[in-house]
Each structure stands twice: as structure tokens, then as C-alpha cells.
J.: 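Please read through the structure below; I'll follow up with questions.
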Amino acid sequence: PSKPKYYVLEMLPYPSGTMHMGHMRNYAIGDVVARVKRMRGFNVLHPMGWDAFGLPAENAAIKNKTHPRTWTNNNIAQFQRVLRRFGFSYDWRREISTCEPEYYRWNQWFFLRMLERGLAYRKKSLVNWCPKCGTVLANEQVVNGGFCWRHEDTRVESREIEQWFLKTTAYSDQLLDDLKQLEGTWPERVILMQKNWIGKSQGAKVKFAVMGVKGAKPIEIFTTRIDTIYGATAIILAPRHPIVDKLLRGPMNRKPQPPLKAKLKQLDRMRQTSVKTEDLATLEKEGFFTGRYAKNPFTKKKIPIWVGNFVLMEYGTGAIMAVPAHDQRDLEFCRKYKLPVRVVVQPKEVESSKSKAEGQKKSASVTGSSRQVGEEAFTDYGISVNSGPFNGLSSEEAIAKMSAFAARKRFGKAETIYRLRDWGISRQRYWGTPIPVVYCAKDGMVPVPDKDLPVLLPPDPTFLAGETYAAPLQVQTGMADSPLATPEFVNTTCPKCGGPARRETDTMDTFVDSSWYFYRYCDPHNDKAPFDPAKVAYWFESPDAESPGIDQYIGGITHAILHLLYSRFWCKVMRDLGLVKHDEPIARLFTQGMVQKGGVAMSKSRGNVVGAEEMAQKYGADTGRLYTLFAAPPEKDLEWSEESIEGCWRFVNRVYRLIERHGEAIANAGSFDFGRSPMSEKERELIRRTYQTLQRVTSDFETRWHFNSAIALIMELTNDIYALEPLEQGVRPEVRKEVLEMLTLMLAPMTPHLAEELWEILGHPDGLWNAQWPILVTGQLELAREDEVEIPVQVNGRVRGRVKVPAGSAEPEVVRVALTLPTIAQHVNGKRVIKQIYVPDKLLNLVVG
RNA sequence: GCCCGGGUGGCGGAAUGGCAGACGCUGAGGACUUAAAAUCCUCCGGGGAUUUUUCCUCAUGUGGGUUCGACUCCCACCCCGGGCACCA
């Protein structure tokens with residue numbers, strides 16, 4: 001605790017079947033950082049745990065008729081064994097597993113806090129539904145463009161069922177605005193992806209009165225282009241818009257007549273279309289006229305109300321105004337159904353075309369009404385035309401004035417909407433955290449009191465009994481079938497009235513588990529609270545750190561949106577609960593590249609995994625670590641190559657042979673005196689190369705994260721030492737010791753086992769794990785400097801020769817020497833030197849002409 | 001369609017406006033060995049001149065530009081990878 005703290009974390013793994021080199025790379029990067037920081041005097045927190053709930057465990061359990069817990073715990077044991085074998089420096093005392101009640105009870109606890117604050121709620125929402133399975137499917141289980149993965153002849157339906165949500169949208173603005181705090185420390189593209197995901201859109205909502213239907217509420221539309229409202233030639237509703245039925249049937253709710261019947265059929269089909277977005281993208285636009293009209297509040301003219309399959313109920317208000325002249329989708333729709341196209345925005349005169357040279361003042365007059373609209377809508381900003389009192393305004397001005405006008409007349413207002421939606425956390429699955437509420441006939445939905453947490457998963461899920469879930473319970477509970485729906489679990493008593501009640505059978509999305517686990521590491525065994533705020537404050541809010549949060553988080557880009565967004569949301573909720581004081585949980589984020597084989601990411605399903613344990617078996621853990629660090633820069637994808645790993649294996653052995661050869665002889669040597677006694681040429685060279693390498697490796701580790709070039713530098717040093725063999729001739733033991741010790745220390749973060757072994761050979765029986773990173777001091781720094789430098793000499797930017805001069809030589813001296821070179825003289829001869837550029841100790845360029 | 005990355009030898013890659021190809025792999029040749037493995041040494045972008053040595057020239061996706069000098073900065077385009085998307 002006397003040292004500054006440093007929290008380095010790799011994203012926790014899902015313990016699936018095999019741990020492969022893709023996993024390993026992630027941990028190797030994190031472990032280098034952890035070890036370097038430790039060597040540099042930090043108090044490092046570097047924990048590991050298991051994202052242990054989830055679907056694959058359940059599927060494996062169904063397939064093998066075993067319990068998900070058994071399958072998961074076996075995998076955890078395997079993963080742990082491999083991680084230990086690779087020597088990653090984790091604090092195993094802090095290990096967590098999200099499927100343990102000691103962990104997931106706090107998911108429930110957080111859920112209840114959110115429920116109290118209105119941040120958790122239940123609502124009907126659209127889901128993928130397979131009628132044959134009688135259950136909800138995850139998007140991933142919808143295959144072949146809309147069919148069930150288990151019943152490939154069955155089209156997945158879109159259904160509305162009650163689901164639990166967390167109100168991420170309550171934090172839309174903060175989630176967007178606080179991204180600014182992450183600029184420079186998070187990858188730019190992750191910030192951008194989150195920005196797009198939140199999707200802030202500024203526009204206006206406008207109400208259109210429905211004509212001729214008694215009691216019909218006005219239809220509210222959202223638009224970012226209120227300035228085009230004079231060009232609106234229809235209103236188009238989402239098929240699911242609640243007003244559609246009323247418009248079609250009218251106030252009497254008559255029996256459908258033949259044309260109406262056809263429309264209802266079409267509507268039904270449109271509503272049944274899968275909610276999968278990929279399908280929507282390829283869908284042909286279609287729709288029908290409802291037979292009703294709305295009044296455009298600006299023009300006071302009536303325009304037809306249509307239903308269109310391309311309008312989404314989930315975005316905006318579920319209704320749009322169609323402005324075919326200025327929106328491509330509207331144009332396509334209106335052309336198909338022969339709706340009128342009305343131009344209301346004219347392109348601005350391009351400034352540069354008002355050429356002064358021509359001396360002509362081009363007329364800015366508007367010829368809008370006669371303008372032809374072709375296949376492409378004009379969607380840019382311009383000048384309003386055919387827009388009554390707003391004619392001649394720029395689009396920007398028109399948007400401001402028309403929004404204000406609408407607000408004054410009370411039929412609309414400027415509004416900002418977001419693409420971000422609330423987080424649906426309900427899963428009709430077994431292997432997850434039970435949602436801690438019960439339903440009572442008298443008291444309705446009742447939260448489970450804190451004292452009754454955790455709500456434990458029933459030990460025996462229904463699916464272990466057979467293929468189908470317990471059907472009678474569906475009738476009994478009226479809920480969607482769920483593997484939790486056993487009478488023992490469902491039937492309980494109401495915490496309020498003590499009467500009979502039934503439990504919620506949904507479990508939570510596993511992203512809940514990973515949204516806050518990194519706080520739990522600070523206090524993993526607390527059974528009174530998710531964590532002690534003081535302990536979290538130490539690791540997250542130390543005043544010494546450059547900014548609050550995990551100092552360095554490392555993981556794949558695949559989690560750029562979901563996991564990282566949910567974690568940010570959770571942090572803000574915790575802050576508002578008074579548990580933490582910071583706004584953002586992750587100070588610095590690094591997204592490492594994938595390990596690929598055959599151009600695609602390693603995965604068990606593709607069958608291209610290279611097992612981590614096999615590699616350790618074959619080449620040793622250190623070679624495996626070294627290879628994943630050396631083969632590519634950490635942020636780039638890495639194509640697995642068995643031949644390249646051989647090269648690392650050779651290097652590891654080469655270093656070992658070198659030190660083994662000299663180690664015993666120099667183990668008891670005294671310490672190097674920084675050259676206060678005279679040095680041989682060979683000693684001087686050795687020491688200089690070693691110190692220079694240290695300086696560059698330090699910079700590669702600390703500031704640039706160029707692990708691959710750091711390793712290249714160490715390889716070069718090793719080659720240089722070999723080139724000076726035999727070292728016994730002309731190199732004193734203490735100099736050899738200095739060089740070989742530094743080589744060992746530099747390797748330690750990457751190949752810790754090798755380094756420990758070498759350290760012992762070099763006469764340090766106490767081990768290297770606690771050694772300090774070497775820092776050059778006065779005396780050593782001078783030795784790192786070159787006395788003589790070789791300077792490339794250019795003539796007109798092309799290298800024509802090199803000169804060797806003492807370091808720090810003055811420009812005239814360098815020029816004088818350069819001109820003595822025949823190749824230089826040849827190019828300069830007979831010409832005049834117009835200019836000379838000299839970069840001290842680096843380069844000389846003579847410009848002749 | 002919009003938004004991000006990225007294009008350098010046979011391959012992975014290095015070079016933060018200053019010697020393009022470090023380091024490693026592969027390949028070729030040699031040493032050691034009865035032999036093999038291991039190890040060690042030499043060479044390895046294209047073209048040309050000179051033949052022991054050097055020198056010239058082309059070359060970092062393509063075409064322009066800025067600069068004494070560009071893989072690096074700017075503009076346009078091509079290709080590859082990724083993200084988002086009938087988002088009103």
C-alpha cells in the first residue's frame with residue numbers, strides 16, 4: 001500500500017471447451033503490463049475470474065444430460081490449470097465465478113436497487129418466437145433469414161411478450177457526453193461505435209390531426225427535416241402503430257369488408273415479419289392506403305395516411321411524414337404507389353461558382369416548381385421554396401423558425417431522440433441469475449426483500465428430465481415456458497401478505513454479470529454488500545492516478561459496444577446510488593487483435609483452434625507467450641504460424657545457452673563500476689549496446705506498447721553479444737554480469753519462467769519476481785551514448801555517401817568531411833550548393849543546382 | 001448507403017518527416033557430423049553497370065500535391081477488413 005496503485009485487467013473469459021492461443025494472447029499482453037508495472041514499483045491489482053453463466057453451458061447440458069454447473073466447473077478447472085501453466089501473475093485469492101450465489105446475489109441486489117428507482121421495469125416488447133418450440137429465441141438462434149435453428153421449416157414469428165428492462169436510456173446523454181472523458185485513452189473507433197449506437201438525433205415532433213375519425217388522437221411524427229414539411233405528401237405509419245386498427249375499422253369496429261379484409265391480411269403479414277434487422281434491410285418496400293386523411297398543420301391541406309413496412313415502431317414515434325422529393329426511401333415508396341412529389345428545397349448556389357473572373361452576378365432566383373425529380377431525392381440542405389412564409393430561408397433557418405412556429409401553435413416542438421433503447425434483460429433460460437420478484441394475486445408484482453437474497457436457482461432444471469419443458473406449468477402460470485418453471489421454484493409466498501405467489505421465471509442476461517465484476521475483485525468475499533466502497537475507492541479513485549477507473553483494461557474489439565456500454569451504465573447507476581464517486585469505470589482501454597488461422601478468428605465451431613495447452617507442452621509456456629507478443633503488434637490481428645513459433649523457441653534456447661555458459665563463472669562477480677576503471681574496446685561496445693537496448697525497450701514497454709519491436713531489440717542485443725564471443729577474452733566478469741543481468745531483466749515480463757531460471761544461474765537464489773526494472777543513472781547514461789556517429793549524406797535528397805564523425809560535430813566540420821568523399825564530390829562537382837540541411841548526428845542534405 | 005481501420009520483399013512485420021525492408025520465418029549455399037538432428041557462418045526486393053569491389057536506377061495499392069527530404073502530412077481514386085443501417 002505504500003506504493004502507487006495500478007489496476008490492470010483483461011476481460012474475463014467465458015469458460016468454454018478449450019483455451020486457445022487467442023485467449024492466451026490477451027492474457028500475455030495483460031501480464032506483460034502487470035509485470036512491468038510491478039517491476040517499476042507499483043502496487044498492482046491483476047485478478048482473474050469466470051463469466052460462468054450462459055447459453056453454451058445450457059446447450060451442452062441438454063446434449064450430454066449433465067448439469068450446466070458440472071460442465072461449467074469442469075471448464076473452469078481446465079482454464080485455470082492452463083492459465084497457471086502459462087505463469088500469468090494473477091492474484092488467485094480474488095478469483096470470482098459469476099454462477100456462484102455469492103456473486104449473483106449481488107446482481108439481484110443491484111436489480112432491486114434499480115427497481116426502487118424506476119430503473120428496472122416490465123413492459124411488452126417484440127421478441128423472436130418459434131411456435132414449435134413455444135419459446136423465445138435469441139437473435140443468434142434465428143437462422144437462414146428467419147427460421148428456427150431447431151425447426152428449419154418453421155418461420156420465426158415476431159411476438160410481444162412481457163420482458164424486464166433496465167433503463168439505460170435514462171443515461172443516454174451522460175453515456176454520450178462522458179465519452180469526451182475517454183478521448184485519448186480509449187481507441188477512437190470504440191468511442192465512435194458507442195456514439196453511433198447511442199445515436200442522438202435532433203429534430204422535431206409534429207402532430208397531424210386525423211380527419212373524419214371520431215375520437216382519433218392526432219398522429220405524431222418525428223422528423224429531422226421539419227423544413228421539408230410543405231413537401232409532405234403522405235403520412236406513413238409503422239404496421240404496429242396502435243392507431244392503425246382504429247383507422248381501418250373506424251369507430252364502429254365493423255366486420256371487415258372485402259377490401260378491408262385484404263388490407264388486414266397484409267397488415268398481419270407485415271406485423272409477423274421477423275424483427276431481425278438484416279432481413280429488414282433487404283425487404284421490398286410495401287404498404288397500403290388506410291382510406292383516411294390527416295391535416296398538415298403547416299399547409300392545412302389533407303394528405304393520405306398509409307401504412308408502410310419500412311417504418312419502424314421502435315424508432316421515433318412509429319410514424320413519419322413522407323417527403324418524396326427530399327428523402328430517398330419516401331421517394332421509392334411514393335413512386336411505387338403513385339403519390340405526388342413536391343419539391344420544397346432548392347440547392348444553394350455554390351459560392352465558388354460565383355466566379356469573380358466572369359464578373360457576373362448569378363441570379364439566385366428560384367425555379368423550384370419546375371424542377372424535375374429523377375430517381376434520386378435531393379437530401380442536402382438548401383433554400384426553402386414552395387413553403388409559404390418560409391420561402392427563401394436556408395434549411396438551417398427554416399428548421400429553427402418552423403420548429404418555433406410549431407411550438408407556438410402547439411402542434412409540435414423541437415426534440416432530441418436517441419437510437420439507444422432500454423436494455424432487455426429477460427431470458428427464458430435456466431443458467432443465469434433469477435430475477436428476484438414474485439407475483440401475488442393481491443399485491444401484484446412484489447420485490448423479494450434483501451434479507452431473502454439470493455433467490456437460488458433450482459438445483460434441477462426441467463430440461464434435464466427430457467427434451468421439452470414442463471408443459472402443464474404454462475397453463476398454470478400463464479408465462480412463457482421456462483426451464484425454471486418447476487412447481488418447487490415457482491410456488492412461493494408473497495413477502496407482503498404471506499399469501500400464495502409465484503416467482504418470476506426469467507433469468508438475467510449474462511451481460512449483467514460482466515457489467516460490474518471488476519468492482520467485485522476489490523472485495524471478492526464480502527457477504528454484506530457487493531463491495532466495501534473504501535476498497536473500491538482505493539483501486540478506482542486513488543488521487544495518484546491520472547484519472548479514476550481501471551488503469552488499463554484489455555480485451556477484444558467485439559465487446560466495443562455491449563459490454564463496455566453496459567459497464568459504463570452500471571457505473572453511473574452505482575455512482576447515483578452513492579457507492580462510487582467516479583463517472584467512468586475504465587480509464588484506459590486497449591483492444592487487442594484476434595489470433596486467426598486461415599484468415600478467420602480461432603473458434604471451436606470453425607475447427608481451427610490451436611490449443612494453448614498443446615503449445616505449452618510442445619514449446620513451453622514462455623515460447624508461447626513470446627510468440628503471441630512478437631508475431632504482430634498487439635492491436636493487430638495475428639495469423640497463426642507454426643513456423644514462426646519455432647523461431648521464438650530457437651531464441652529462448654539461444655539466450656539460455658548464452659547465460660548458462662557464462663553464468664556459473666560470473667555468479668560471484670562483483671558489481672560493475674560504470675567504467676570508472678578503464679574499459680577495453682569490447683567492454684565499451686557491450687555496455688553501450690546493452691544500455692541503449694534498455695532505453696529503447698523501456699520506451700517500447702511503457703509508452704508505445706510495441707512489444708514486438710521490444711522483443712526484436714532484445715534479439716538484436718543477443719545477436720550482438722554472440723558476435724563478441726568469446727567474452728572471456730577482454731571482458732571482465734563484472735561487465736559480463738551487468739550485461740547478462742540486464743538481458744534477463746528485460747525478458748522477465750515476457751518469459752518469466754526462463755528469466756527466473758537465468759536469474760538463479762546468475763547468482764540470485766532469491767528469485768527475480770520481486771526485482772526492480774533497471775533504470776540508468778549518471779555514469780551509465782554517458783556510457784549509453786555513442787562517441788562516433790555515422791551520418792548519411794544526401795545530395796538533393798538522395799543518399800550518396802556516409803561520413804563517420806565524432807558525436808556532436810559541428811555542421812561545417814561535417815560538410816567539410818562530406819565533400820572529401822568521392823561519391824559526394826562527383827554529384828556536387830560543377831554545381832553550386834544552394835542550401836544545406838543538417839540534422840545533428842542524424843543527416844546531412846546538400847541541395848545543389 | 002454512412003462511419004472506422006488497413007494496403008511495405010516469398011511470409012509476419014520494422015521505420016513517430018531524415019539511410020525503406022530492423023527482427024523473425026521461409027529459401028539457397030557452406031562449416032561441424034559416419035549420417036541426421038541441433039548449432040554456427042554467408043547470401044536473400046526488381047533491373048542495370050562493374051565483376052573480387054562498388055556504383056546507378058526503379059520500388060512502400062494508384063494518381064497528384066506540400067517539403068531540401070514523404071511508407072509517414074494533404075487531396076482524389078482503387079482494393080481488402082470491420083462496424084452500423086429503410087434511424088425518418
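Because the structure is predicted, anything quoted here is derived from the model rather than measured. Convention: sequence-line order gives letters A, B, ...; per-chain numbering from 1.
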J.: What residues form a salt bridge (charged side-chain N to carboxylate O under 4.0 Å, His left out) with A:E396, not counting sequence neighbours?
T.: A:K348
J.: With RNA chain B as reference, determine whether A:V839 or A:A712 sits nearer its 5' end, using the nearest nucleotide of each.
T.: A:V839
J.: Just confirming the chi classification of B:G9, syn or anti, using 90° around 0 as the syn window.
T.: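 Because its glycosidic torsion lies within 90° of 0, B:G9 adopts the syn conformation.
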J.: Please evaluate the base of B:C68 for a donor-acceptor partner in the side chain of A:K835 within a cut-off of under 3.5 Å?
T.: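 Checked by distance alone, the answer is no.
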J.: For A:F289, which residues count as a side chain to side chain contact (heavy atoms under 4.5 Å, CB included) partner, sequence neighbours excluded?
T.: A:Y293, A:P304, A:W306
J.: Mind checking A:G647 for me? I need base, sugar-phosphate or nothing, with any heavy atom below 4.0 Å counting as a touch.
T.: sugar-phosphate
J.: Measure across A:F701 and A:M746 and return the closest heavy-atom pair with its distance rounded to 0.1 Å.
T.: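 Heavy atoms only, the tightest pair is CE1-O, 4.0 Å.
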J.: Using a 4.0 Å cut-off on protein heavy atoms (strictly under), produce a 5'-to-3' string for nucleotides 70-75 of chain B with B for base contact, S for backbone-only sugar-phosphate contact, and - for none.
T.: ------
J.: Using a 4.0 Å heavy-atom cut-off across all strands, classify A:D327 as base, sugar-phosphate, or nothing.
T.: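 If one applies the 4.0 Å heavy-atom cut-off, A:D327 turns out to touch nothing in the nucleic acid.
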J.: Within a reach of under 6.0 Å around CZ of A:R696, are more than 12 heavy atoms found that belong to other residues, nucleotides or ligands?
T.: no
J.: Write down the distance between CE (A:M313) and C1' (B:C86), rounded to a whole number of angstrom.
T.: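 For the pair A:M313 CE and B:C86 C1', the rounded distance is 16 Å.
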J.: When you get a sec, tell me which of B:C86, B:G18, B:G24 is the closest nucleotide to the side chain of A:M715?
T.: B:G24
J.: Ignoring the backbone of A:R419, work out which of B:A88, B:C84, B:G13 is nearest its side chain.
T.: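 Output: B:C84.
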J.: Between A:Y418 and A:S641, just flag the one whose closest nucleotide in RNA chain B comes earlier from the 5' side.
T.: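 Whichever sits nearer the 5' end wins; that is A:S641.
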J.: Name the pairing partner of B:A31, where a pair is Watson-Crick or G-U wobble with both distances under 3.5 Å, or state none.
T.: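 Its partner is B:U39.
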J.: Counting only heavy atoms not in A:K413, do more than 12 sit closer than 6.0 Å to its NZ atom?
T.: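 Count not over threshold, so no.
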J.: What nucleotide among B:G13, B:A85, B:A88 has an atom nearest to a side-chain atom of A:T223?
T.: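 So the nucleotide nearest the side chain must be B:A88.
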J.: How does protein reach along nucleotides 44-60 of chain B, written 5' to 3' as B (base within reach of a heavy atom under 4.0 Å), S (only sugar-phosphate), or - (no contact)?
T.: -----------SSSS--
J.: Might you confirm whether atom NZ of A:K205 has over 12 heavy atoms from other residues, nucleotides or ligands at distances under 6.0 Å?
T.: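 Above 12, so yes.
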J.: Could you check which of B:C25, B:C68, B:G24 has an atom nearest any side-chain atom of A:V847?
T.: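 Looking only at side-chain atoms, A:V847 lies closest to B:C68.
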J.: Using the side chain to side chain contact (heavy atoms under 4.5 Å, CB included) criterion, which residues pair with A:L176? Sequence neighbours excluded.
T.: A:L179, A:K195, A:I198, A:K200
J.: Can you tell me, in whole Å, how much space there is between the C1' of B:G6 and that of B:G12?
T.: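 Result for the C1' pair: 15 Å, nearest Å.
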J.: Which residues satisfy the salt bridge (charged side-chain N to carboxylate O under 4.0 Å, His left out) test with A:D422, sequence neighbours excluded?
T.: none
J.: Output all residues satisfying salt bridge (charged side-chain N to carboxylate O under 4.0 Å, His left out) with A:E188, sequence neighbours left out; order by chain, then residue number.
T.: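 A:E188 satisfies salt bridge (charged side-chain N to carboxylate O under 4.0 Å, His left out) with no residue once adjacent residues are dropped.
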J.: What's the gap between B:C79 and B:G46 when it is taken at their C1' atoms, as a whole Å value?
T.: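 It works out to 23 Å between them.
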J.: Tell me what A:V323 touches on the nucleic acid: a base, only sugar-phosphate, or nothing, going by heavy atoms under 4.0 Å.
T.: nothing
J.: For the C1' atoms, the ones on B:U50 and on B:A14, what distance do you get once it is rounded to whole angstrom?
T.: 32 Å
J.: Quick one: which of B:A88, B:C84, B:C19 gets closest to the side chain of A:L843?
T.: B:C19
J.: Using the P atom on both, measure B:G13 against B:U67 and round to a whole Å.
T.: 35 Å
J.: Expressed as a whole number of Å, how far does the C1' atom of B:A15 sit from that of B:U51?
T.: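 My reading of the C1' atoms in B:A15 and B:U51 gives 33 Å.
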J.: Tabulated below should be each protein N or O lying under 3.5 Å from an N or O of nucleotides 38-43 of chain B; please produce it.
T.:
| unit_1 | atom_1 | unit_2 | atom_2 | d |
| --- | --- | --- | --- | --- |
| B:U39 | O3' | A:R657 | NH2 | 3.3 |
| B:C40 | OP1 | A:R654 | NH1 | 2.5 |

J.: Is there a side-chain polar atom (N or O) of A:R696 under 4.0 Å from OP1 or OP2 of B:A22?
T.: no
J.: Taking only side-chain nitrogens and oxygens of A:N719, does any of them come within less than 4.0 Å of OP1 or OP2 of B:C23?
T.: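 Checking A:N719 against B:C23: no side-chain N or O falls below 4.0 Å of OP1 or OP2.
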J.: Any side-chain N or O of A:H706 less than 4.0 Å from the OP1 or OP2 oxygen of B:A15?
T.: yes
J.: Would you be so kind as to tabulate the donor-acceptor pairs closer than 3.5 Å made by side chains of residues 808-821 of chain A, with sequence neighbours excluded?
T.:
| unit_1 | atom_1 | unit_2 | atom_2 | d |
| --- | --- | --- | --- | --- |
| A:S809 | OG | A:P806 | O | 2.5 |
| A:E811 | OE2 | A:Q836 | NE2 | 3.0 |
| A:E813 | OE1 | A:R816 | NE | 3.3 |
| A:E813 | OE2 | A:R816 | NH2 | 3.2 |
| A:T820 | OG1 | A:V817 | O | 2.4 |

J.: Kindly indicate, with the supporting measurements, whether the criterion ring pair (Phe, Tyr, Trp, His ring centres under 6.0 Å) is fulfilled by A:F651 and A:W649.
T.: CA-CA 5 Å; A:F651 170 70; A:W649 163 247; over 10 Å; no
J.: Could you write out each protein N or O paired with an N or O of nucleotides 1-12 of chain B at a distance under 3.5 Å?
T.:
| unit_1 | atom_1 | unit_2 | atom_2 | d |
| --- | --- | --- | --- | --- |
| B:G12 | O2' | A:A631 | O | 2.5 |

J.: Return yes if some donor-acceptor pair links the side-chain N/O of A:Q794 with the main-chain N/O of A:N796 below 3.5 Å, else return no.
T.: no
J.: Counting only Watson-Crick or G-U wobble pairs whose two distances fall under 3.5 Å, which nucleotide matches B:G17?
T.: none
J.: Under 30°, 30 to 60°, or over 60°: which ring-plane class applies to A:W705 and A:F707, parallel, tilted or perpendicular?
T.: tilted
J.: Under the side-chain hydrogen bond (donor to acceptor under 3.5 Å, both in side chains) definition, can you give me all pairs with a residue in residues 837-849 of chain A, not counting sequence neighbours?
T.: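 For residues 837-849 of chain A, and leaving out neighbouring residues, there are no side-chain hydrogen bond (donor to acceptor under 3.5 Å, both in side chains) pairs at all.
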J.: Please give me every residue in residues 806-815 of chain A whose heavy atoms get under 4.0 Å of an atom in RNA chain B, ordered by residue number.
T.: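 Per residue number, the list is empty: none.
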J.: Would A:Y230 and A:S384 count as a side chain to side chain contact (heavy atoms under 4.5 Å, CB included) here? Give the steps.
T.: CA-CA 9 Å; A:Y230 280 79; A:S384 288; over 6 Å; no
J.: Measure from NE2 on A:H559 to C1' on B:G82 and round the result to the nearest Å.
T.: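 Taking NE2 of A:H559 and C1' of B:G82, I get 16 Å after rounding.
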J.: Would you call A:K180-A:E183 a salt bridge at under 4.0 Å N-O?
T.: no
J.: Roughly how many Å is it from CZ in A:F651 to P in B:G24, rounded to a whole number?
T.: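 Going from A:F651 (CZ) to B:G24 (P), I get 9 Å.
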J.: Which nucleotide, in any strand shown, forms a Watson-Crick or G-U wobble pair with B:U66, with both distances under 3.5 Å?
T.: none
J.: Please work out whether the ring planes of A:F333 and A:F310 are parallel, tilted or perpendicular, with thresholds of 30° and 60°.
T.: tilted
J.: Taking all non-hydrogen atoms of both residues, which atom of A:V311 and which atom of A:A238 are closest, and how far apart?
T.: O-CB, 3.3 Å
